[in-house]
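Report on the following structure.
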Amino acid sequence: MAFNRLRRNQIIRNLVSETRLVASDLIQPYFVIEGKNKKEVIKSMPGVYRLSIDNLLKDIKETKVLDIKAILLFGIPRKKDKKGTEAYAEGGIIQKTVRAIRKEIKDIIIITDVCLCGYTPYGHCRILKKNAEVLDVDVDGTLDTLAKIAVSHAQAGADFVAPSAMMLHQVKAIRKALDKNDFVKTKIFAYSAKYASNFYAPFREALNSAPRFGDRMSYQLDFGDPSEALKRIGQDIDEGADMVMVKPALAYLDIIYRAKEKFNIPIAAYNVSGEYSAIKKLSEGDKTKEKELALEVLTSIKRAGADFIISYFGKEVGKWLMVDGV
Ligand code: PBG
């Protein structure tokens, strides 16, 4: 009885709440690896795995039932090289994965990360000039490669490509290449306001993509600087982005808020790996605490103005909302 009254009170609270998180707000990220029946633990991200394609397909089917409409894919390539060739190879991990999903699961929106940090030995999001040991960027080579990656993802069947290299004019280069190859319907989800953040550390373990030298401060944004973020969002929209992103989310709620006020385009926020792992640590395996912390954080991101939230909690939240009704 008491339980029912509590449940009813909870439901009433939700109904009158100004901000309600729903599963379709969420985008579920996945890490894909080669092989069969693989499910590799990522130590720094408890509950997140590197999955082989067969296991990934199973997982996506479960996620879809929970009313999550979109997934974001990251691939762990067979090999890394200076040109990042696996990132655009016909038989690359993402290309194979997208084709497999398209064949077996029709109604899920596929977003693919377009970047080089996981595909090059030096772990930067760009192509570097020959023999460069410092961050000497090959601008044209990088733009060409990012465009090539995007086209190869579109060819495989991606709905959105998501350039995350923070390379100026990457959106323009990708839009042009997609149109030229008749992928006029493939959309661009730009990581426009991506801060140089300490909250990415667990992700770099997942993808084995930590920079071997230097850091990403020179191309990711400084956390003291809001204007540059808004400028970059504006530029990406002008260059043809269909959706833009602020990343990370929690330490950047003001940026999300300002972007939502200023621009007339869907704004996504990336609730990144460190934000996820922090909640896991704080809840120490207590599922109720974890749920309460995650819902508070994700609701705050929505309240700030995010139309979509990329979160490793996606599937969990879907379950909480569907099974527990909160
Ligand atoms: C870079 C990229 C990063 C993340 C997604 N794509 C960060 C980086 O290492 O610069 C981070 C996501 C997360 O922390 O969850 N291509």
Side-chain angles (χ1 to χ4, degrees), residues 26-32 42-50 71-77 80 84 86-88 93-94 111-127 135 137 142 145-146 149-150 153 160-167 170-171 174 188-223 229 232 244-252 268-281 294 297-298 301 306 308-315:
L26 300 167
I27 298 171
Q28 177 72 43
Y30 281 110
F31 300 106
V32 207
I42 302 163
K43 261 215 244 85
S44 55
M45 298 175 74
V48 179
Y49 303 90
R50 298 188 198 92
I71 57 171
L72 170 63
L73 299 175
F74 295 97
I76 289 98
K80 299 178 191 248
E86 277 295 297
Y88 52 84
I93 183 72
I94 288 296
I111 308 169
T112 54
D113 187 81
V114 172
C115 202
L116 282 158
C117 54
Y119 294 86
T120 55
Y122 42 74
H124 280 288
C125 306
R126 287 115 200 263
I127 301 286
L135 206 47
V137 177
T142 302
T145 309
L146 293 172
I149 301 172
H153 291 179
F160 284 83
V161 291
S164 68
M166 284 303 277
M167 187 79 201
Q170 59 181 6
V171 172
I174 288 173
I188 300 179
F189 182 6
Y191 285 70
S192 306
K194 180 170 170 184
Y195 281 90
S197 171
N198 300 294
F199 285 94
Y200 302 150
F203 173 93
R204 290 177 186 172
E205 182 205 320
L207 213 62
N208 181 23
S209 66
R212 297 289 174 271
F213 56 85
D215 54 37
R216 295 191 191 145
M217 297 294 282
S218 59
Y219 48 96
Q220 299 182 348
L221 307 177
D222 183 314
F223 57 67
R232 296 293 285 263
V244 293
M245 190 199 302
V246 174
K247 176 183 169 193
L250 201 47
Y252 301 88
Y270 200 143
N271 176 226
V272 299
S273 56
E275 301 172 40
Y276 170 85
S277 299
I279 289 181
K280 286 279 176 183
K281 278 232 163 78
V297 162
L298 292 168
I301 298 169
F308 296 99
I309 306 170
I310 301 164
S311 176
Y312 303 97
F313 281 114
K315 196 174 167 190

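First listed ligand is number 1; within each ligand, the first listed atom is number 1.
- Comparing heavy-atom distances from atom 14 (O) of ligand 1 across Cys125, Ser273, Ala165 singles out Ser273 as nearest.
- Once rounded to the nearest 0.5 Å, the distance linking CZ of Phe74 with CD1 of Ile94 reads 9.0 Å.
- In the vicinity of Cys117, heavy-atom distances shorter than 4.0 Å reach the ligand 1 atoms 1 (C), 16 (N).
- At a threshold of 4.5 Å between non-hydrogen side-chain atoms, the residues Val272 and Phe203 do not count as touching.
- For Tyr276, no heavy-atom contact with ligand 1 is shorter than 4.0 Å.
- No more than 12 heavy atoms of other residues, nucleotides or ligands lie within 6.0 Å of CZ in Phe199, so this atom counts as exposed by the packing criterion.
- Residue contacts with ligand 1 for Cys115 involve side-chain atoms from C-beta outward but no N, CA, C or O (heavy atoms, distance under 4.0 Å).
- Comparing His124, Lys194, Met45 by heavy-atom distance to atom 2 (C) of ligand 1, the nearest is Lys194.
- Ranking the protein heavy atoms by distance from atom 8 (C) of ligand 1 puts Arg216 NH1, 2.8 Å first.
- Proximity of Lys247 to ligand 1 is established by a heavy-atom distance of less than 4.0 Å.
- No side-chain donor-acceptor contact under 3.5 Å links Glu275 to the backbone of Pro248.
- Of the possible polar contacts, none joining the Thr112 side chain to the Val161 backbone as a donor-acceptor pair under 3.5 Å is found.
- Annotation: atom 12 (C) of ligand 1 to nearest protein heavy atom, Phe203 CD1, 3.3 Å.
- Regarding atom 16 (N) of ligand 1, its nearest protein heavy-atom neighbour is Ser164 OG, 2.9 Å.
- When atom types are taken as modelled, the side chain of Arg126 and the backbone of Met166 share a donor-acceptor pair closer than 3.5 angstrom.
- Taking every heavy atom of Tyr312 and a limit of under 4.0 angstrom, the matching atoms of ligand 1 come to 12 (C), 13 (C), 15 (O).
- Atom CZ of Phe308 sits in a sparse spot, with 12 or fewer heavy atoms from other residues, nucleotides or ligands closer than 6.0 Å.
- Using a 4.0 Å cut-off to heavy atoms of Tyr270, the atoms of ligand 1 that qualify are 12 (C), 15 (O).
- No more than 12 heavy atoms of other residues, nucleotides or ligands shown are found within 6.0 angstrom of CZ on Phe223.
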